[in-house]
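One structure is given below, encoded as structure tokens.
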Amino acid sequence: ADVKGRPCEDFCVLQHSNRRVGRAGLGICVITLAEAHPLLQSGKTIKSINYQISANCSRLQNKVSGKSKRGAQFLTELAPLCRISSSDGEEYTIYSCIRGRLIEVNENILSNPALLQEKPSTEGYIAVVLPKFEESKSITQGLLTQKEYEEVLLKRRNSSS
């Protein structure tokens with residue numbers, strides 16, 4: 001919630017638990033927009049999505065190969081994944097929210113940006129990130145559960161009314 005102190009710019013990390021014998025770990029993570037994100041509010045139209053982060057860095061250049069995911073870009077929690085512009089002139093930077101290797105970005109949203117709004121937690125995902133196995137416990141500690149997030153939304157509604 002409120003990533004980088006920006007009110008309501010919330011992201012969702014959908015995680016697949018990767019249970020190994022005797023050890024529970026965090027598997028692959030899918031980064032999406034959370035339900036309260038301004039881009040998912042009514043009246044917003046997405047104009048463009050850009051995975052070009054800087055002059056020298058495009059998330060589209062991420063080429064991953066093999067079981068050890070060679071070539072994957074390494075991301076920190078606040079690494080930008082993409083920038084999304086809406087028709088009202090606002091621009092939103094979408095951050096990774098977790099440390100790990102970028103496995104893939106969703107190129108389908110480039111040609112069909114409406115997927116981000118219509119199906120944010122399935123076909124409209126932004127990226128897939130694989131955290132380091134050793135860090136999986138500490139990564140989840142910084143995230144809210146669905147129930148905790150709903151409490152944040154409730155507090156926001158109560159404070160704005």
Side-chain angles (χ1 to χ4, degrees), residues 1-18 26-66 69 71-131 136 139-140 142-154 156-157 160:
D2 302 334
V3 175
K4 284 193 100 172
R6 300 179 73 138
C8 300
E9 287 195 29
D10 305 345
F11 305 114
C12 178
V13 178
L14 302 171
Q15 52 193 37
H16 182 275
S17 107
N18 175 16
L26 181 64
I28 206 137
C29 293
V30 179
I31 312 302
T32 70
L33 296 177
E35 62 186 84
H37 195 284
L39 284 165
L40 298 184
Q41 303 316 305
S42 62
K44 287 275 187 189
T45 307
I46 295 173
K47 192 173 77 178
S48 68
I49 299 165
N50 191 352
Y51 282 111
Q52 185 78 37
I53 300 309
S54 67
N56 301 326
C57 179
S58 169
R59 300 297 180 209
L60 293 172
Q61 302 300 310
N62 191 56
K63 298 290 179 249
V64 180
S65 67
K69 308 298 179 220
Q73 295 173 11
F74 187 77
L75 305 170
T76 61
E77 296 89 335
L78 293 176
L81 290 170
C82 67
R83 292 192 175 80
I84 302 174
S85 299
S86 61
S87 54
D88 62 6
E90 291 288 322
E91 185 180 76
Y92 301 92
T93 300
I94 309 305
Y95 298 95
S96 138
C97 301
I98 57 171
R99 286 169 48 89
R101 288 178 300 197
L102 181 63
I103 302 303
E104 73 175 63
V105 294
N106 184 1
E107 293 186 41
N108 295 330
I109 60 175
L110 295 173
S111 57
N112 188 359
L115 283 174
L116 263 176
Q117 293 164 309
E118 293 163 8
K119 300 178 178 182
S121 57
T122 56
E123 292 149 69
Y125 72 95
I126 293 161
V128 177
V129 177
L130 182 64
S136 60
I139 286 169
T140 50
L143 301 175
L144 300 173
T145 64
Q146 180 65 33
K147 189 176 184 318
E148 290 168 331
Y149 182 61
E150 285 164 7
E151 289 167 11
V152 167
L153 295 181
L154 194 63
R156 278 185 194 159
R157 278 188 217 108
S160 67

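Since the model is a prediction, treat every value here as computed from it, not as a measurement. Quick note: residue numbers are just sequence positions, from 1.
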Compare all side-chain heavy atoms of [X] with those of [Y] and state whether any distance is below 4.5 angstrom.
X      : Y      : value
Leu110 : Ile49  : yes
Cys82  : Arg59  : no
Tyr51  : Ile126 : yes
Thr93  : Val3   : no
Tyr125 : Lys119 : no
Ile31  : Val13  : yes

Geometric class of the His37/Tyr92 ring pair [parallel <30°, tilted 30-60°, perpendicular >60°]: perpendicular

Non-hydrogen atoms of Arg156 and Asp10 that approach each other most closely: NH1-OD2, 2.7 Å

Closest contact, heavy atoms only, Gln117 versus Leu39: NE2-O, 2.9 Å

Interatomic distance, Ile46 atom CD1 to Ser87 atom OG [nearest 0.5 angstrom]: 9.5 Å

Partners passing salt bridge (Lys or Arg N to Asp or Glu O under 4.0 Å) against Glu35 (at least two apart in sequence or in another chain): none

Derivation and outcome, side chain to side chain contact (heavy atoms under 4.5 Å, CB included), residues Asn108 and Glu123: CA-CA 8 Å; Asn108 295 330; Glu123 292 149 69; over 6 Å; no

Are any side-chain N or O atoms of [X] and backbone N or O atoms of [Y], one a donor and one an acceptor, separated by less than 3.5 Å?
X      : Y      : answer
Glu104 : Val64  : no
Asn106 : Ala127 : no
Glu148 : Thr145 : yes

Leu102, Ile109, Ile103 screened by side chain to side chain contact (heavy atoms under 4.5 Å, CB included) with Val105, the one that passes: Leu102

Criterion side chain to side chain contact (heavy atoms under 4.5 Å, CB included) on Leu78 and Lys4, from CA distance to verdict: CA-CA 8 Å; Leu78 293 176; Lys4 284 193 100 172; 3.6 Å; yes

